[in-house]
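Below is one structure; the comments refer to it alone.
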Amino acid sequence: MSLHDIILLLLAGFAAGGMNALAGGGTFFSFPALLASGLPPVTANATNAVALWPASLAASWAAREQLRPLGRYVIPLIVMSLLGGLGGGLLLLAGGDEIFRRLIPWLLLAATLLFAASPWLSKLINRQRTAGELPPHGLGSHLSHSLVAIYGGYFGAGMGILQLAAFSIEGHPLLRANALKNLLSSTIYSVAVVTFVVAGRVSWSELAVLLAAASCGGYAGGALARRLPTRWLRWLVIAVGAGMTAYYFLTT
């Protein structure tokens with residue numbers, strides 16, 4: 001890496017960690033920075049997935065109290081997440097850099113729209129606050145969670161918003177939906193990360209810089225969370241996502 005690449009990744013990692021702690025959307029900073037540092041698209045995405053992995057594990061562990069009463073209910077969900085995450089990761093590796101490069105603007109567009117729509121999705125989720133019976137795992141549930149898992153293994157930005165929406169529509173209360181989202185996200189990231197590491201598509205030097213900067217950014221973001229208007233930060237993420245989407249549509 002050149003000094004320019006190191007500085008770019010330090011700034012992007014710090015911004016990504018801070019934004020994830022404040023409003024979400026850190027991928028819009030870290031993934032384009034990895035591309036700009038010269039990594040091939042698939043390697044950039046794989047490295048970004050590994051960088052997000054520890055945070056997903058931590059979130060899943062933090063929500064463990066909400067998951068314990070669910071017992072065997074989570075087993076089919078975990079199986080679908082494992083298979084979907086593996087399938088998405090293998091699909092990314094099989095498609096190669098050229099196909100993924102052409103899909104980048106469309107994936108960024110989808111993630112930007114999901115992030116922009118998250119307040120409205122949150123209103124839908126917040127209506128499901130009262131605890132109720134666990135909804136059955138029907139065909140629609142299997143299909144929706146499998147598709148989200150494949151998307152998560154392939155790219156992943158906005159995956160959590162999709163999962164929360166799916167669980168809310170099924171009738172899960174907010175706390176349970178969030179705990180299930182954290183569990184499945186960590187499962188999908190785990191199997192995708194193993195797939196990328198075994199395939200040798202992770203760039204460890206860029207990853208080390210990104211993780212160190214993101215950790216510092218996450219700490220700073222957590223300290224500032226109560227002082228900065230979340231609405232301004234959300235609009236910043238949306239603006240960055242829209243700008244990156246437009247840029248890759250023009251250059252791809």
> How many angstroms lie between CG in Leu77 and CG in Leu67, if you round to the nearest 0.5 Å?
Replying inline: 10.5 Å
> Would you call Leu211 and Trp53 a side-chain contact if the rule is heavy atoms closer than 4.5 Å?
Replying inline: no
> Would Met244 and Leu9 show up in the same hydrophobic cluster when neighbours are defined by side-chain heavy atoms closer than 4.5 Å?
Replying inline: no
> Roughly how far, to the nearest 0.5 Å, is the NZ atom of Lys181 from the OG atom of Ser60?
Replying inline: 10.0 Å
>> I want to check something: taking the side chain as every heavy atom from C-beta on, are Val209 and Glu206 in contact at a cut-off of under 4.5 Å?
In response: no
>> Quick one, Leu92 and Phe155 - any side-chain contact, counting heavy atoms below 4.5 Å?
In response: no
> Does the pair Leu52 and Phe31 meet the rule for a side chain to side chain contact (heavy atoms under 4.5 Å, CB included), with working shown?
Replying inline: CA-CA 11 Å; Leu52 296 173; Phe31 177 64; over 6 Å; no
> Are Ile99 and Leu107 connected in the hydrophobic side-chain network, where two residues link if heavy atoms are under 4.5 Å apart?
Replying inline: yes
> Nearest heavy-atom pair of Val74 and Gly71: which atoms, and what distance?
Replying inline: CG2-O, 3.3 Å
> Does the side chain to side chain contact (heavy atoms under 4.5 Å, CB included) test come out yes or no for Val148 and Tyr151, once each step is laid out?
Replying inline: CA-CA 5 Å; Val148 172; Tyr151 172 79; 5.6 Å; no
> Are Tyr154 and Leu34 co-members of a hydrophobic cluster defined by side-chain heavy atoms under 4.5 Å apart?
Replying inline: no
> Do you know the tightest heavy-atom contact between Phe196 and Ala49?
Replying inline: CE1-CB, 4.0 Å
>> Rounded at 0.5 Å granularity, tell me how far CD1 in Ile78 sits from CG in Leu83.
In response: 12.0 Å
>> Test of understanding: clusters of I, L, V, M, F, W, Y form through side-chain heavy atoms closer than 4.5 Å, transitively. Do Val50 and Leu39 belong to the same one?
In response: no
> Has the side chain of Tyr248 got a donor or acceptor atom that lies under 3.5 Å from a matching backbone atom of Trp106?
Replying inline: no
> In Å, rounded to the nearest 0.5 Å, how long is the span from CG of Leu70 to CZ of Arg68?
Replying inline: 12.0 Å
> For Thr195 and Gly89, which heavy atoms make the closest approach, and how far apart are they?
Replying inline: CG2-C, 4.3 Å
> Distance-only, no hydrogens or angles: does the Ser186 side chain make a donor-acceptor pair with backbone N or O of Leu183 under 3.5 Å?
Replying inline: yes
> Counting heavy atoms not belonging to Arg64, are there more than 12 under 6.0 Å from its CZ?
Replying inline: yes
> Where is the tightest heavy-atom contact between Pro105 and Thr245, given as atom of each residue plus distance?
Replying inline: O-CG2, 3.6 Å
> Which heavy atom of Ile104 sits nearest a heavy atom of Pro41, and at what distance?
Replying inline: CD1-CB, 4.0 Å
> Can you get from Val79 to Tyr189 by hopping between Ile, Leu, Val, Met, Phe, Trp and Tyr side chains that sit under 4.5 Å apart?
Replying inline: no
> Hey, does Thr112 have a side-chain heavy atom less than 4.5 Å from the side chain of Phe28?
Replying inline: yes
> How long is the gap from CE on Met1 to CG on Leu8, to the nearest 0.5 Å?
Replying inline: 10.5 Å
> Checking side chain to side chain contact (heavy atoms under 4.5 Å, CB included) for the pair Thr187/Val191: CA distance, chi angles, key distance, verdict?
Replying inline: CA-CA 6 Å; Thr187 303; Val191 68; 5.7 Å; no
> Less than 4.0 Å between a side-chain N and a carboxylate O, is that true for Asp97 and Arg201?
Replying inline: yes
> Roughly how far apart are Leu162 CG and His145 NE2, rounded to 0.5 Å?
Replying inline: 11.0 Å
> Is there side-chain contact between Leu207 and Val202, with heavy atoms separated by less than 4.5 Å?
Replying inline: yes
>> If only side-chain N and O atoms count, and only distance matters, is there a donor-acceptor pair under 3.5 Å linking Gln163 with Ser185?
In response: yes
> Are Leu3 and Ile7 side-chain neighbours, meaning at least one heavy-atom pair lies under 4.5 Å?
Replying inline: yes
>> Keeping Ser81 on the side-chain end and Ala149 on the backbone end, is there a donor-acceptor pair under 3.5 Å?
In response: no
> Would the number of heavy atoms belonging to other residues, nucleotides or ligands and lying under 6.0 Å from OH of Tyr247 be above 12?
Replying inline: no
>> Ignoring hydrogens, what is the shortest heavy-atom contact between Ala12 and Phe29? Give both atom names and the distance.
In response: CB-O, 3.5 Å
